[in-house]
2 protein chains.
Amino acid sequence: MLKLSRLTDYAAVVMAQIARYPEQAHAATELADAVQLPHPTVSKTLKMLVRAGLLESRRGSLGGYRLARPATSITTSDIIGAIEGPVAMTECSHADGDCDLVDTCGVADNWQRVSLAIRTLLDSVTLAHLAQESPLKLPVQLPIQSVTLASRAEV
Amino acid sequence: MLKLSRLTDYAAVVMAQIARYPEQAHAATELADAVQLPHPTVSKTLKMLVRAGLLESRRGSLGGYRLARPATSITTSDIIGAIEGPVAMTECSHADGDCDLVDTCGVADNWQRVSLAIRTLLDSVTLAHLAQESPLKLPVQLPIQSVTLASRAEV
DNA sequence: TCGATAGGGGACTAAAATGGTCCTCAATAG
DNA sequence: CTATTGAGGACCATTTTAGTCCCCTATCGA
Ligand code: SF4
Ligand code: SF4
């Protein structure tokens, strides 16, 4: 299904929640409660987000989590990357990829382009966009670049 | 990593291989040999592709597989859909989705739009594109539509 | 009609990824 | 000093994925 892992989804939900009140620090318990998810699980994703540099944490009483950067400069690929690793559709689309077929499969190059296109798209959607609560009607256009695919004239 | 399952990748490789010689029927054994993958596995993916209506099969001697439609009207989402089911980033992005948080998570709507954008992108890449053998540098731009995050589409 | 060739269906297993829990340690405020 | 809150990591159950195998059916041509 080409789908996000559930944890990644949680991460997005939690990040959005934080983004809506960026000034305050949010305790894991509080967040877990707000999004109706088990505390340990939320806690785990929060830790991952911190490690990826998307959140800052503060221990002790009055501690909690807050955004490391403004919501407008955190992208969905950042979030996905924090939980699942870099966005890459095929084995050969990321740095550590190691596929035996890379020389013979004949599609590696093009998959990589597609992968890049998706990454670009996800880069253009920020946490600020995600956190918009209601289905806004305002047509905020995301500039999704055309991505060059190797192609022959016939297209 | 938001990545395709390995079988999906195989499916693409095999489809591309068939697409390069669309006139002949290709036996599973032949294909397995061509792409250097174990025969039973290739066979399995071929069956899935047939069931999804992307390939036609013919039994008996002189039988084999061939494309059910021209390569230009088979898209990458078709292929992904055949193996993994419809492209959907989040649980709530596809028909049978069932997520308890849908009313409270606050990001469902926007994830669905992102998901739609990706689906659109994958729809615009055809098997004919994928099958191009060499990494052509010719910058033929694929018109990937800008997708508006906010516009309430006909989802 | 027979037999060789090729696909169809589906059961089965091994291995890996995922989701979720828990426990102990470290930092911080007051 | 102590209550609070995060860090880190071990651990387990479950699901998903990948891969294999067996037996059946269809088609062709001798
Ligand atoms: S595209 Fe070719 S090389 Fe890249 S992963 Fe799939 S098979 Fe391996
Ligand atoms: S986005 Fe909200 S509703 Fe959709 S799957 Fe994630 S949590 Fe459930």
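Letters A, B, ... are given to chains in the order of the sequence lines, protein chains preceding strands, and every chain is numbered from 1.
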Student: What's the shortest heavy-atom distance between A:Ala82 and A:Leu54, and which atoms?
Tutor: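 Closest approach of A:Ala82 to A:Leu54: CB-CD1, 4.0 Å.
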Student: With a 4.0 Å cutoff (strictly under), does any side-chain N or O of B:Ser57 reach OP1 or OP2 of C:dG8?
Tutor: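 Looking at the OP1 and OP2 atoms of C:dG8, one of them is under 4.0 Å from a side-chain N or O of B:Ser57.
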Student: Minimum heavy-atom separation for B:Ala71 to B:Ala19, with atom names?
Tutor: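 Result for this residue pair: CB-CB, 4.2 Å.
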Student: Roughly how many Å is it from CD in A:Glu56 to P in D:dT5, rounded to a whole number?
Tutor: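 Checked: the CD to P distance equals 19 Å.
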Student: Could you tell me whether A:Asp109 and A:Arg113 have a side-chain N and a carboxylate O separated by less than 4.0 Å?
Tutor: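 Here A:Asp109 pairs with A:Arg113 in a salt bridge, since their nearest N and O are under 4.0 Å apart.
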Student: Under the side-chain hydrogen bond (donor to acceptor under 3.5 Å, both in side chains) rule, collect the residues that match up with A:Arg59, sequence neighbours excluded.
Tutor: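 For A:Arg59 there are no side-chain hydrogen bond (donor to acceptor under 3.5 Å, both in side chains) partners, ignoring immediate neighbours.
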Student: Round to the nearest Å and state the distance from B:Glu91 atom CD to C:dG19 atom C1'.
Tutor: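 Going from B:Glu91 (CD) to C:dG19 (C1'), I get 14 Å.
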Student: Expressed in angstrom and rounded to an integer, what is the separation of B:Gln24 atom CD from C:dA6 atom C1'?
Tutor: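 Whole-Å distance recorded here is 16 Å.
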Student: What string of B, S and - do you get for nucleotides 16-30 of chain D, 5' to 3', when a contact is any protein heavy atom under 4.0 Å?
Tutor: --BBB----BBBBS-
Student: In whole angstroms, how far is the P atom of C:dG7 from the CE atom of B:Met48?
Tutor: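 These atoms are roughly 15 Å apart.
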Student: Tell me the interatomic distance from A:Arg66, atom CZ, to C:dT28, atom P, rounded to whole angstroms.
Tutor: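 Distance check: A:Arg66 CZ to C:dT28 P gives 14 Å.
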Student: Whole Å only: how far is the CG atom of A:Leu37 from the C1' atom of C:dT21?
Tutor: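 About 15 Å, once rounded to whole Å.
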Student: Please test A:Ile79 against A:Leu122 for side chain to side chain contact (heavy atoms under 4.5 Å, CB included), starting from the C-alpha separation and ending with a verdict.
Tutor: CA-CA 10 Å; A:Ile79 297 175; A:Leu122 292 174; over 6 Å; no
Student: Flag the pair B:Thr104 / A:Val35 as yes when at least one side-chain heavy-atom distance between them is below 4.5 Å, and no otherwise.
Tutor: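 The answer is no, as the side chains (C-beta and beyond) never meet within the 4.5 Å cut-off.
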Student: Can you measure A:Leu31 atom CG to D:dT4 atom C1' for me and round it to whole angstrom units?
Tutor: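 Going from CG in A:Leu31 over to C1' in D:dT4 covers 16 Å.
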